[in-house]
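Below: the structure, in structure tokens.
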There are 2 protein chains.
Amino acid sequence: MRTSVVTIKPNGYFCTDCAVRGFAVCSSLDAAELRAFEHLGRRVHFATGETVFSEEDITTSFYNLLEGVMRLYKLLPDGRRQIVGFALPGDFLGMNISGRHNFSGDAIGAVTVCQFAKAPFGRFIEDRPHLLRRINEMTIRELSQARDHMVLLGRRSADEKVATFLLGWRERLFSLEGLSNTVPLPMSRQDIADYLGLTIETVSRTFTKLERHGAIEILHGGISLRDPARVEALAAA
Amino acid sequence: MRTSVVTIKPNGYFCTDCAVRGFAVCSSLDAAELRAFEHLGRRVHFATGETVFSEEDITTSFYNLLEGVMRLYKLLPDGRRQIVGFALPGDFLGMNISGRHNFSGDAIGAVTVCQFAKAPFGRFIEDRPHLLRRINEMTIRELSQARDHMVLLGRRSADEKVATFLLGWRERLFSLEGLSNTVPLPMSRQDIADYLGLTIETVSRTFTKLERHGAIEILHGGISLRDPARVEALAAA
DNA sequence: AAAGCCGATTGACCCAGATCAATTTTGGCG
DNA sequence: CGCCAAAATTGATCTGGGTCAATCGGCTTT
């Protein structure tokens with residue numbers, strides 16, 4: 001038996017084995033393209049709290065989130081913060097037209113990203129309209145989520161915001177780890193408050209109230225939906 | 001002199017003469033493509049208050065706004081409304097991935113749109129990646145605006161919201177009708193309130209307050225920026 | 001020009017959620 | 001362990017903006 005010739009990728013990973021292969025941008029690439037694509041990205045790790053990219057920074061890279069959770073946010077000059085979304089594995093980050101990131105992203109817990117230099121990535125896309133179509137599709141989905149979130153921020157009460165957040169977060173985790181009434185919340189209460197346009201105290205009080213009414217149970221690092229129907233009723237209102 | 005052969009478009013318009021030719025989606029098409037494109041769209045008029053498309057309706061058409069202003073909004077079951085944006089000439093509407101519109105759009109004043117049936121438009125795009133790129137670019141710009149608006153809705157005071165709105169609206173009109181301190185406001189106070197996540201009374205009171213302080217002057221159908229620097233200071237805060 | 005209507009403004013009062021201020025709980029770390 | 005710092009909870013109080021209720025004013029209709 002002869003020794004097989006194996007290509008070893010510099011950073012030791014293959015796209016074919018990638019955890020997000022099936023649902024990230026790269027799901028639009030066939031096996032041959034994937035081999036070319038493989039040389040474009042490199043895995044990079046970030047520790048808890050580290051910033052992956054900053055608002056107003058010139059965009060030099062795009063990122064494909066592989067592991068962990070990120071908070072994406074914008075700051076006002078006086079320090080007020082609005083979290084515009086949480087990123088989960090499979091999310092593609094960094095697209096913009098101004099040449100600068102229009103929000104910051106940092107790691108909630110340990111994070112692994114697949115980092116692409118902007119120029120080579122742009123060249124790779126150039127003659128692969130199916131990849132562009134995939135990116136456009138993901139952008140349109142994000143835009144739809146952004147509009148839903150505008151409704152939440154502009155027109156919903158604190159109770160409705162919290163209930164909607166819990167159900168929406170559970171729904172997003174569904175595709176990654178299956179449906180469960182136990183919902184892990186890796187982000188802090190402050191993060192949740194800044195996502196919902198509330199203060200940390202209001203978020204805390206609302207959680208406590210929901211627990212008192214038997215709708216949820218507060219766990220370490222998450223919550224459990226004791227009465228999903230009741231939470232849904234609150235969110236629907 | 002022989003009689004010249006002239007192609008007459010069924011609805012009597014040519015894309016080459018179109019008011020939004022230079023900055024709408026079609027700006028990515030060359031002269032030859034434009035002639036093919038011309039047969040896809042038809043001009044449709046809507047009167048004040050008419051609905052162009054409704055949330056949850058199956059998407060059968062895309063729209064290129066040619067004349068007028070539209071309000072784009074989502075409703076909660078109990079009637080609360082969040083306006084997610086105002087559309088101006090050149091805006092492209094109707095893209096989604098669910099197959100249904102995810103917001104409603106109706107005419108503020110008289111509106112003219114260029115309507116495209118979804119399927120033929122999709123086929124036209126198929127082998128024209130530059131058009132797809134143009135659409136993607138417009139989507140990314142919208143997403144960036146959506147995120148800015150989330151910050152406004154979640155973290156800004158009523159004064160800041162109103163000041164930011166006036167400047168932002170002036171800025172958007174800039175490219176269409178030049179920079180001016182007189183800002184037409186074709187939408188109602190209720191529309192502004194539903195865009196900013198406020199009530200009509202708060203919008204009205206804030207306008208009055210800005211006028212008392214000499215920052216603006218309230219006109220019929222608009223406002224005039226008397227002290228742009230002061231309004232900018234309020235918005236920046 | 002009087003009547004009627006609808007959008008906008010103004011005033012009086014109220015309350016959801018913010019702010020301020022302690023605790024209490026949790027999570028490292030020597 | 002026990003100590004410290006950070007996060008979360010809870011309580012007391014305040015207030016920005018909402019709610020409710022009159023007007024006001026500009027347009028249309030006759």
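A, B, ... follow the sequence lines: proteins, then strands. Residue 1 opens every chain.
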Residue pairs, two or more places apart or on separate chains, that pass ring-ring contact (aromatic ring centres under 6.0 Å, His included) and touch residues 209-237 of chain A: none
Phosphate-side-chain proximity, B/Thr208 and C/dT10, N/O vs OP1/OP2 below 4.0 Å: yes
side-chain hydrogen bond (donor to acceptor under 3.5 Å, both in side chains) partners for B/Asp148, two or more places apart: A/Lys74
Provide a list of protein-nucleic acid N or O atom pairs under 3.5 angstrom, restricted to nucleotides 25-27 of chain C.
from: C/dT26; atom 1: OP1; to: A/His220; atom 2: NE2; distance (Å): 2.7

Euclidean distance, atom CG of residue B/Leu210 to atom C1' of C/dT9 [Å, nearest integer]: 15 Å
Throw together a table of side-chain donor-acceptor distances under 3.5 angstrom for residues 84-100 of chain B, partners on residues two or more places apart or in other chains.
from: B/Asp91; atom 1: OD2; to: B/Leu88; atom 2: N; distance (Å): 2.9
from: B/Asp91; atom 1: OD2; to: B/Arg172; atom 2: NH2; distance (Å): 2.9
from: B/Asn96; atom 1: OD1; to: B/Ser98; atom 2: N; distance (Å): 3.4
from: B/Asn96; atom 1: OD1; to: B/Gly99; atom 2: N; distance (Å): 2.7
from: B/Asn96; atom 1: OD1; to: B/Arg100; atom 2: N; distance (Å): 3.2
from: B/Asn96; atom 1: ND2; to: B/Thr59; atom 2: OG1; distance (Å): 2.7
from: B/Asn96; atom 1: ND2; to: B/Gly94; atom 2: O; distance (Å): 3.0
from: B/Asn96; atom 1: ND2; to: B/Arg100; atom 2: O; distance (Å): 3.3
from: B/Ser98; atom 1: OG; to: B/Arg100; atom 2: N; distance (Å): 3.1
from: B/Ser98; atom 1: OG; to: B/Arg100; atom 2: O; distance (Å): 3.1
from: B/Arg100; atom 1: NH1; to: B/Glu56; atom 2: O; distance (Å): 2.7

Euclidean distance, atom CD1 of residue B/Ile223 to atom C1' of C/dA8 [Å, nearest integer]: 16 Å
Sugar-phosphate, base or nothing in reach of A/Ser204, heavy atoms under 4.0 Å: base
Distance (rounded to the nearest 0.5 Å) between A/Arg141 CZ and B/Thr139 OG1: 13.5 Å
Student check: side-chain heavy atoms of A/Ile108 and A/Asp191 closer than 4.5 Å: yes
Start and end of chain B contact along DNA chain D [non-hydrogen atoms, under 4.0 Å]: D/dG17 to D/dC27
Pairs under 3.5 Å (N/O, protein and nucleotides 13-16 of chain C):
none

Interatomic distance where CG belongs to A/Leu196 and P belongs to C/dA18 [whole Å]: 11 Å
Whether B/Gln82 side chain and B/Tyr195 backbone form a donor-acceptor pair below 3.5 Å: yes
Counterpart residues, side-chain hydrogen bond (donor to acceptor under 3.5 Å, both in side chains), relative to B/Gln145 (two or more places apart): none
Bend angle of the helix from C/dA1-D/dT30 to C/dG30-D/dC1, end axes from five pairs each (to 10°): 40°
Verdict with reasoning, A/Arg147 to A/Glu142, per salt bridge (Lys or Arg N to Asp or Glu O under 4.0 Å): CA-CA 9 Å; A/Arg147 285 174 177 138; A/Glu142 271 189 90; over 6 Å; no
Sugar-phosphate, base or nothing in reach of A/Thr199, heavy atoms under 4.0 Å: base
Lys/Arg-Asp/Glu bridge criterion (N-O < 4.0 Å) met for A/Arg80, B/Glu160: yes
Any donor-acceptor N/O pair, B/Thr208 side chain to B/Ser204 backbone, under 3.5 Å: yes
Aromatic ring proximity A/Phe116/A/Phe62, centre distance under 6.0 Å: no
A/Tyr63 and A/Phe53 aromatic centres sub-6.0 Å: yes
Results of salt bridge (charged side-chain N to carboxylate O under 4.0 Å, His left out) for B/Glu217 - residues two or more places apart only: B/Arg226
Counterpart residues, side-chain hydrogen bond (donor to acceptor under 3.5 Å, both in side chains), relative to B/Arg155 (two or more places apart): A/Asp194
For A/Asp227, all residues meeting side-chain hydrogen bond (donor to acceptor under 3.5 Å, both in side chains), sequence neighbours excluded: none
Rounded distance (Å) that lies between atom P of C/dT10 and atom CD1 of B/Ile200: 13 Å
Positive for side chain to side chain donor-acceptor pair (under 3.5 Å) with B/Ser61, one of B/Gln115, B/His101, B/Arg42: B/Gln115
Report all interatomic pairs (protein N or O, nucleotide N or O of nucleotides 20-23 of chain C) with separations under 3.5 Å.
from: C/dC20; atom 1: N4; to: A/Glu201; atom 2: OE2; distance (Å): 3.0

